[in-house]
Protein chains: 2
Amino acid sequence: MATPAPKPLTMADVARHAGVSLATVSRVMNGNPSVDPALADRVRAAVASLNYTASPLARSLVSGRTQTVSVVVPDLGNPTFQAILRGLSRAASRSGYHVLVADSAEVVEEEEVLAVASRRRTDGIVLCAPRMPEERLATLLPELAPVVLVNRDPRAGVPVVAADYRSGLTELLEHLAALGHRRILYLAGVPWSASNAHRLEAVEDFRRANPGARVDEVPCGVDFDAGAAVLDDVLASGATAVLAFNDLVAMGLLSALAASGVRVPEDVSVAGFDDIPFAAYTSPPLTTATVPAEELGEKAWLGMSGLIEARDAPESVYLRPRARIRGSTGPAPSAR
Amino acid sequence: MATPAPKPLTMADVARHAGVSLATVSRVMNGNPSVDPALADRVRAAVASLNYTASPLARSLVSGRTQTVSVVVPDLGNPTFQAILRGLSRAASRSGYHVLVADSAEVVEEEEVLAVASRRRTDGIVLCAPRMPEERLATLLPELAPVVLVNRDPRAGVPVVAADYRSGLTELLEHLAALGHRRILYLAGVPWSASNAHRLEAVEDFRRANPGARVDEVPCGVDFDAGAAVLDDVLASGATAVLAFNDLVAMGLLSALAASGVRVPEDVSVAGFDDIPFAAYTSPPLTTATVPAEELGEKAWLGMSGLIEARDAPESVYLRPRARIRGSTGPAPSAR
DNA sequence: GTCCCGCCAGAAAGCGCTTGCTGCTTCCGG
DNA sequence: CCGGAAGCAGCAAGCGCTTTCTGGCGGGAC
């Protein structure tokens, strides 16, 4: 009853209230210095007394800037993307930007649609689409610019923010080798993902450098269930150490191993990848490689912000994961 | 060089291309049936051949609808909020809505600012602000409407979507009692949060119903570190069972207990709350109460969507957590 | 054959804001 | 004392769309 029609205030109301023109109000609100300080004060007083805030919508329409960026991720349930989103969101927020988030539910086609749709309402887009085929990505990118890519191979004109999975896995492999492991299993992720390819390169490097060791690949997935599901393969393989595609897979495996009475690391060593917050709290605590996902998100924002503000492509960023040795890896069992 | 000035297409371009007026193009694009099918086809053909999509911005400005909702959470790093966001995001997406997310980094003042700012760019807001004082919330709500509240006490005019923490904790307490535990420790969360208050009520209920048992409260936090930090208190208390504020706290404690050689559940039983995805993968697997956070997110969207479309306040929703018994709780040690 | 009505396309008025341009005022130098 | 250069407020033209209103046209009824 107090306000039957809570018609939102417009700049015209402020102008009337302050006895100036629309343009002057606008200039004051945008900090344009070419306004008489006295008038500016009147305007500010009016703004304050009316508790006015300019419509971001109208402002965006005319200025062409929305102060918002989109983020597309394959799965908001994945800790790595969560961390990226978190880092990005906080960094963007510090610069007064908002974040529009879209979850493609792991559907690649959806990814494209979402990306295009989200992009239209924002000033730029951060794309986490590890499984999108190169050629689709290539055709999509021009439509999306400005865009920052996360965890994809470098390319001309588009800044990429990525973890160096290859060197990370190499560290882990060397750690296992130093512990005496000669039969190692790599639980591969989805074949067409860039980061899986990089890990495979690390495996190749390792094989070349360590002819005495054997590394086998087992196709696997990217989540708990996938890790639990390969239990039999792991047991049958005779391997003394297992490198999981990521921590989720490692945790699934760890749990399955525990349930079947296999001791970790006495009987078999297990390592993950990513160092998600939970990795330190498994038992035994999980050896893994630290991917600073939150920092990845921050860097992605930095890149985005560079593109938006300066319109020149910032450098790509590669963060190096470091092996994080915990209790789930130990010396290879001498007698098998 | 191909397109030096990639000036985005406007509706006028389409109109010209199809030889009709702006208004007709608009009508076709909005499915207004009062258009000659032949013209409509011409328009659609033009739209397709130009690959035109209407500017959401301009559309929003005039229609007053942005097809976007905001979500404010205290911490994107918390699995419960992640799940809520995920459920919400996917549900909203199915209805063609976008999601603007804001992370207040656990700062209550920030929460208000973010909420107001986000709200102005969207059609409504889903507020997860468990720690915001009642009175601030009360003054904030009118400014935010339409708004859906998550995990807050019910109130007139605003739909609330919440888990019933009280009954969840009661189930857990009864489970422990049935196992013979008579000395139980509750690791409290932040005192002024609604869900902590509800849990305390459950504790009260239990005390009344079980005069022979003793439940003590220990102030604690809401994350891993808080759980690890209360180790000594737990050990010193002589309790045979510990109820943690949430799974994060329980996992921190579990890990600290393991490190000090205390066996779970032989020496002490531990239960969490929330049933985050990782709870099943600790060792021993964590007994907890299942809070369907993702469903909470979906329900929140349902509520929001009701508010936006029908402009009448939908019913509040209370989801009942169920005790999820796993290996971290067992019979009370007979001899202490 | 005329009149009236209804249907549908287009013209035009905004949505709430930014900004180029105009023209007034003021102040300086000559 | 006058001319010109600044400085600064306001007008008005959009930004790209939706929607009301207007008016032209064709068909049905008499």
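Within every chain, numbering begins at 1; the chains are lettered A, B, ... in the order of the sequence lines, protein sequences first and strands thereafter. Worth saying up front: this structure is predicted, and the values here are computed from it rather than measured.
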Nearest-Å distance for atom pair CG/P, residues A:Asn32 and D:dG7 = 13 Å
Please assess A:Arg65 against A:Ser60 for the test side chain to side chain donor-acceptor pair (under 3.5 Å), listing each intermediate value before the final yes or no.
-> CA-CA 5 Å; A:Arg65 320 275 268 48; A:Ser60 295; over 6 Å; no
Which comes earlier along DNA chain C counting from the 5' end, the contact point of A:Thr24 or that of B:Ser21, where each point is its nearest nucleotide?
-> B:Ser21
What integer distance in Å separates A:Leu39:CG from D:dA9:P?
-> 5 Å
Sugar-phosphate or base contact per nucleotide [nucleotides 13-18 of chain D; S, B, -; heavy atom under 4.0 Å] | -BBBSB
Between the CG atom in A:Leu140 and the CZ atom in A:Arg136, the distance rounded to the nearest 0.5 Å is 9.0 Å
For the pair B:Asp103 (side chain) and B:Leu76 (backbone), establish whether a donor and an acceptor sit closer than 3.5 Å, ignoring hydrogens and angles.
-> yes
Please test A:Asn30 against A:Arg59 for side chain to side chain donor-acceptor pair (under 3.5 Å), starting from the C-alpha separation and ending with a verdict.
-> CA-CA 11 Å; A:Asn30 293 305; A:Arg59 191 179 245 276; 3.3 Å; yes
Measure the distance from CG on B:Asp36 to C1' on D:dG26 and round it to the nearest whole Å.
-> 13 Å
Between A:Thr122 and A:Ser70, the two heavy atoms sitting closest are OG1-OG, 2.6 Å
Heavy atoms only: give me the nearest A:Ala300-A:Val148 pair and the separation to one decimal.
-> O-CG2, 3.9 Å
Test B:Asp123 against B:Thr66 for side chain to side chain donor-acceptor pair (under 3.5 Å), laying out the working first.
-> CA-CA 6 Å; B:Asp123 297 339; B:Thr66 62; 2.9 Å; yes
Taking only nitrogen or oxygen atoms into account, show me every contact under 3.5 Å that the protein makes with nucleotides 24-27 of chain C, one pair per line with its distance.
none

If a pair satisfies ring pair (Phe, Tyr, Trp, His ring centres under 6.0 Å) and one of its residues is in residues 84-142 of chain B, list it, with sequence neighbours excluded.
-> B:Tyr97-B:Trp301
